[in-house]
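Taking it in order: structure first as structure tokens, then the write-up.
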Amino acid sequence: MNDEEDQSVRAAVEGELRLLEPDVRASQALAVELLDPEFVEFGASGRRWDRVSILTAIAPDPDTPPDRIAISDMTATLMAPGIVHVTYTSDRNGRRARRSSLWRRSAAGWRLYFHQGTLTDNS
């Protein structure tokens with residue numbers, strides 16, 4: 001990979017990790033900066049989310065401490081100029097899911113365009 005490709009992959013991974021941070025998830029202003037206007041998610045629940053609905057869903061309950069989301073097996077691949085595919089496994093209080101994200105570069109920077117989570121067993 002050349003330097004520009006490395007920078008693209010790093011930007012997508014950094015964005016993905018930021019979206020998992022409790023302070024970003026607690027702030028619609030911070031989260032919206034990372035979500036593409038055309039964002040779509042097929043959640044581990046089977047539900048389809050768009051940008052507006054996911055921003056509402058990730059907002060924490062102020063009376064509950066934020067959950068930590070552990071990740072493992074993260075990989076990222078430049079698929080084409082301006083498109084990076086990120087995969088990993090998440091664990092949120094024992095609820096494990098395989099995750100797949102597509103990040104695309106726009107004039108506003110790198111934004112999460114598509115995400116899918118699929119529940120998995122603990123093995």
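Heavy-atom basis, side chains included; hydrogens, waters and symmetry copies ignored.
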Next item on the list: Enumerate the residue pairs fulfilling salt bridge (Lys or Arg N to Asp or Glu O under 4.0 Å) with a member in residues 40-49, sequence neighbours excluded, ordered by first and then second residue.
Entry: none
Next item on the list: Indicate, with yes or no, if Val52 and Tyr113 share a hydrophobic cluster defined by side-chain heavy-atom contacts under 4.5 Å among Ile, Leu, Val, Met, Phe, Trp and Tyr.
Entry: no
Next item on the list: Might you point out which heavy atoms bring Gln116 and Thr118 nearest each other, and give the distance in Å?
Entry: NE2-OG1, 3.8 Å
Note to self: Within the supplied structure, the quantity of interest is the number of heavy atoms (other residues, nucleotides, ligands) at a distance under 6.0 Å from Met79 CE; does it exceed 12?
What the structure shows: no
Item checked: Non-hydrogen side-chain atoms of Thr77 and Val84 separated by less than 4.5 Å -> no
Note to self: Pairing donors with acceptors under 3.5 angstrom, does anything connect the side chains of Ser90 and Arg99?
What the structure shows: yes
Item checked: Closest approach of Arg95 to Ser45 (non-hydrogen atoms, all atoms of both residues) -> NH2-N, 4.1 Å
Check: Can you tell me if Ser106 uses its side chain to pair, donor with acceptor, with the backbone of Ala108 under 3.5 Å?
Finding: yes
Checklist line | Flag for Thr87-Thr75: side-chain donor and acceptor within less than 3.5 Å | finding: yes
Check: In Å, rounded to the nearest 0.5 Å, how long is the span from CG of Leu55 to CD of Gln28?
Finding: 5.0 Å
Note to self: With a 4.5 Å cut-off on side-chain heavy atoms, are Arg104 and Glu38 touching?
What the structure shows: yes
Notebook entry, point to check: Going hydrophobic residue to hydrophobic residue with side-chain gaps under 4.5 angstrom, can you get from Val40 over to Ile83?
Noted result: yes
Note to self: What I'd like to find out is whether the side chain of Phe114 reaches to under 4.5 Å of the side chain of Phe42, using heavy atoms alone.
What the structure shows: yes
Item checked: Residue pairs fulfilling salt bridge (Lys or Arg N to Asp or Glu O under 4.0 Å) with at least one residue in residues 8-17, sequence neighbours excluded -> none
Notebook entry, point to check: Does a side-chain heavy-atom distance below 4.5 Å link His115 with Leu19?
Noted result: no
Checklist line | Linked, directly or transitively: Val86 and Trp49 (ILVMFWY side chains, under 4.5 Å) | finding: yes
Margin query: According to ring-ring contact (aromatic ring centres under 6.0 Å, His included), does anything in residues 54-112 pair up with another residue at least two apart or in another chain? List the pairs.
Written below: none
Item checked: From Leu102, Leu34, Leu35, residue fulfilling side-chain contact (heavy atoms from CB on, under 4.5 Å) relative to Leu112 -> Leu35
Next item on the list: Answer whether the closest heavy-atom distance between the side chains of Arg18 and Leu20 falls below 4.5 Å.
Entry: no
Check: Salt bridge between Arg51 and Asp36, side-chain N to carboxylate O under 4.0 Å?
Finding: no
Item checked: Under 3.5 Å: donor-acceptor pair, side chain of Arg111, backbone of Pro37 -> no
Next item on the list: Please examine the side chains of Leu119 and Arg96, heavy atoms only from C-beta on, and report whether any two atoms are closer than 4.5 Å.
Entry: no
Margin query: Within the 4.5 Å heavy-atom criterion, are Ile54 and Phe39 side-chain neighbours or not?
Written below: yes
Margin query: Checking the side chain of Ser27 only, and the main-chain atoms of Val24 only, is there a donor and an acceptor separated by less than 3.5 Å?
Written below: no
